[in-house]
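These notes concern the structure reproduced below.
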Amino acid sequence: MKKINNIFIIGCLFVWTCISCSDILDTPAKSALEDEVIFTNVGLSEGMITAILHSFGETNSYRNQLLHFYGSNTDVEWYSSSETTTDARAELTAYAAKPNNTRFNDNETDPWSKVYEAVQRANIAIQGFERYSDIENNKELAQLYGEVLTLRAVLYYDLVKFWGDVPARFEPVNNETIYIPRTDRDIIFKQLIADLKIASDYLGWPNETARTSSVENVNKAFAKGLRARICLAAAGHSQRYDGTIKLSDDPELSKANLYPIVIEECLDIINSRTCTLGEFEQNFRYICQDVVAAGNESIWEIPFAEGRGRTVYCFGIKHDNVANDPYVKIAQGGMIGPLPTFFYEYDEDDIRRDITCIPYQWDYGVQKLNKVSQWFFGKYRYEWMNRVVTSSGYDDGVNWQVMRLADVYLMAAEAINEIQTPAAAAEYLRPIRERAFPNNPEKVTEFMANATASKENFFEAIVQERALEFAGEMLRKADLIRWNRLQSSIESAKEKMYDL
């Protein structure tokens, strides 16, 4: 069963009651007995997870803003719905946001408020689990505790990605902590890395328990994968509060200390054999078809109900003039797409190319070749869905895939190459390349021979492979930042665009 529909309503009604006193600072706190009842009951505790996910689905949270406008101006993705920077969306994607940008500054419904709302709910739940739940002996409560720790890590990692140094709140807010200054991101990263180690000890592997049989619930593989992703970010470059772009000065966040963690976590996931790569196209068909069974390539997805989420609306093929369209009943799709030049980055035998880069749109139910300046991503398609989208709010209810197994393989390859050898890293790059070239093993052999010739060659292969594999999945900008290649990559892309 997919989505948080009925449990969304029931759970959130329950949780509003549970946390209302904690959210309203001047109201007396609940009795300890009430908390004890909540956090010793599995069903009631699940409502806390629902409340956090509710914030993910709010109008200007992950549903509509954060997923779509962070990362949509790189050497791979761009906001192709406007050729000017005069609207709020274009400001965000062209690195020209103003303080009054209506997409990111809209009173209590702005993304900042919604993410911190979710953080507050997570903090309340974590405190409750730690005080009252028998997480050492009750596996179901332990699972929920691990889920909340992981969700908070998702939120804080994204806060740092979007805003840099932000206020760190790892306990429920009170009168003394309403206004706190920014916290250096290094402190936040170290907290998240430690939290995710704890979380993974309590979580079940995919399909180990009834709850982890769905990728809409956090599992051990995701906690480990997220820990690896955050370690790579923490060990990489970033623009600091003083404007400098540099690596961390904290020796605990060096590559020498963090890359072994990346390797350990990624290999744990791969060797667990709880997820499988499968076919490249099939992964995205499953997302569009609401297939949420664990054990495939998908590791964790943000669960959107049918009337929430704009995954296909923003990242899918555009449908216009929908009078005869069998897939959608309101014109939508195609806000963010690949750079027109990106199609030519693929080898002609790479099966990912024609799945990822689409030169046409749907018009009156038939395909129509589009202008060269507006290509679309093809990983999310209305025509792959089992539902016909009729929502006047443009929401399609397709989940957002936060992590898949291919990312784990490539993170492992990158880290192993850095601190070991290209030869040792090759076995984690090769499966991704082989899947992309099922009919041309000679090209795989040639590619791998060149990649393993040196550490530098292998790193450049990883840089390119992550672009080809994850285009349109909003991973590229964070990658380019940690490699200190954002500006140079965009400048190179601009030159290619002018040439075209």
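When reading the values below, keep in mind they use all heavy atoms of this one structure, side chains included, and skip hydrogens, waters and symmetry mates.
Between Phe470 and Glu77 the shortest heavy-atom distance is O-OE2, 4.1 Å. Shortest non-hydrogen contact noted between Ala228 and Cys266 is CB-SG, 3.8 Å. Contact between Asp186 and Asp249 at its shortest, heavy atoms only, is OD2-N, 4.5 Å. When every heavy atom of Tyr132 is checked against every heavy atom of Thr40, the shortest pair comes out as O-CG2, 3.4 Å. Across Ala294 and Asn207, no two heavy atoms sit closer than the pair O-ND2, 2.9 Å. The two residues Ile245 and Asn484 have their closest heavy-atom pair at CG2-OD1, 3.4 Å.
Residues Ser55 and Arg121 have side chains that bring a donor and an acceptor to within less than 3.5 angstrom of each other. Side chains of Asn174 and Thr177: a donor-acceptor N/O pair is present below 3.5 angstrom, by distance only. Donor-acceptor pairing under 3.5 Å is recorded for the side chains of Tyr382 and Gln332.
Checked against Tyr62 for a side-chain contact (heavy atoms from CB on, under 4.5 Å), the options Val402, Leu53, Asp158 give a single hit: Asp158. Each of Asp184, Asp250, Asp195 was scored for a side chain to side chain donor-acceptor pair (under 3.5 Å) with Lys190, with one residue passing: Asp250. Considering Met48, Glu34, Gln127 as possible partners of Phe39, the one that fulfils the side-chain contact (heavy atoms from CB on, under 4.5 Å) test is Met48. Ile432 pairs with exactly one of Leu468, Leu277, Asp407 by the side-chain contact (heavy atoms from CB on, under 4.5 Å) rule, that one being Leu277. Results of the salt bridge (Lys or Arg N to Asp or Glu O under 4.0 Å) test with Asp479 over Arg482, Arg476, Lys477 single out Arg482 as the only residue that passes.
Side chain of Arg466 to main chain of Val463: no donor-acceptor pair is present (N/O by atom type, distance under 3.5 Å, no hydrogens or angles). With hydrogens and angles disregarded, no donor-acceptor distance shorter than 3.5 Å links the side chain of Glu252 to the backbone of Asn257. Asn296 places no side-chain N or O within 3.5 Å of a backbone atom of Ser298 that could act as its donor or acceptor partner. Judged by distance alone, the side chain of Ser272 and the main-chain N or O of Ile269 form a donor-acceptor pair under 3.5 Å. Side-chain N or O atoms of Asp396 include one that pairs as donor or acceptor with a backbone N or O of Val398 at under 3.5 Å.
No more than 12 heavy atoms of other residues, nucleotides or ligands sit less than 6.0 Å from atom CD of Glu171. Counted within 6.0 Å of OH on Tyr179, heavy atoms from surrounding residues, nucleotides or ligands total 12 or fewer; the atom is thus considered open. Under a cut-off of 6.0 angstrom, the local environment of CD in Glu140 is sparse, with at most 12 non-hydrogen atoms contributed by other residues, nucleotides or ligands. Residue-environment remark: CD (Gln420) exceeds the threshold of 12 foreign heavy atoms within 6.0 Å. Heavy-atom neighbours of Lys139 NZ from other residues, nucleotides or ligands within 6.0 Å: at or below the threshold of 12.
In this structure, Trp483 has its ring center closer than 6.0 angstrom to the ring center of Phe459. Not less than 6.0 angstrom separates the ring centroid of His68 from the ring centroid of Tyr313. Here the two rings, on Tyr156 and Phe170, have centers that are under 6.0 Å apart.
Between Phe56 and Trp300, the ring-plane angle classifies as perpendicular under the 30° and 60° cut-offs. The aromatic rings of Phe280 and Phe284 stand perpendicular to each other, their planes meeting at an angle above 60°, with 30° marking the opposite boundary. A perpendicular orientation is assigned to the rings of Tyr79 and Phe69, their planes being inclined by more than 60° (bins at 30° and 60°).
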Test side-chain contact (heavy atoms from CB on, under 4.5 Å) applied to Val166 and Leu159, step by step: CA-CA 7 Å; Val166 296; Leu159 280 167; 4.1 Å; yes
Stepwise side chain to side chain donor-acceptor pair (under 3.5 Å) check, Trp400 with Glu473: CA-CA 9 Å; Trp400 181 257; Glu473 298 178 53; over 6 Å; no
Test side-chain contact (heavy atoms from CB on, under 4.5 Å) applied to Glu130 and Ile126, step by step: CA-CA 6 Å; Glu130 291 176 347; Ile126 290 167; 3.5 Å; yes
Audit row: Arg182, Tyr241, side-chain contact (heavy atoms from CB on, under 4.5 Å) steps and yes/no: CA-CA 9 Å; Arg182 295 170 180 257; Tyr241 188 46; 3.3 Å; yes
Stepwise side chain to side chain donor-acceptor pair (under 3.5 Å) test for Ser200 and Arg227: CA-CA 9 Å; Ser200 66; Arg227 190 168 185 242; over 6 Å; no
Derivation of the side-chain contact (heavy atoms from CB on, under 4.5 Å) call for Arg404 and Asn283: CA-CA 9 Å; Arg404 58 187 176 94; Asn283 171 70; 3.7 Å; yes
Evaluation steps, side chain to side chain donor-acceptor pair (under 3.5 Å), between Asn123 and Arg169: CA-CA 8 Å; Asn123 285 339; Arg169 300 184 185 278; over 6 Å; no
Side chain to side chain donor-acceptor pair (under 3.5 Å) evaluation trace for Tyr202 with Glu136: CA-CA 8 Å; Tyr202 290 103; Glu136 303 303 329; 2.4 Å; yes
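Using a 4.5 Å cut-off on side-chain heavy atoms (C-beta onward), Val42 and Leu144 make contact.
Shown here are the salt bridge (charged side-chain N to carboxylate O under 4.0 Å, His left out) partners of Asp134, two or more places apart in sequence or in another chain: there are none.
Screening residues 253-263 for salt bridge (Lys or Arg N to Asp or Glu O under 4.0 Å), with sequence neighbours left out, gives no hits.
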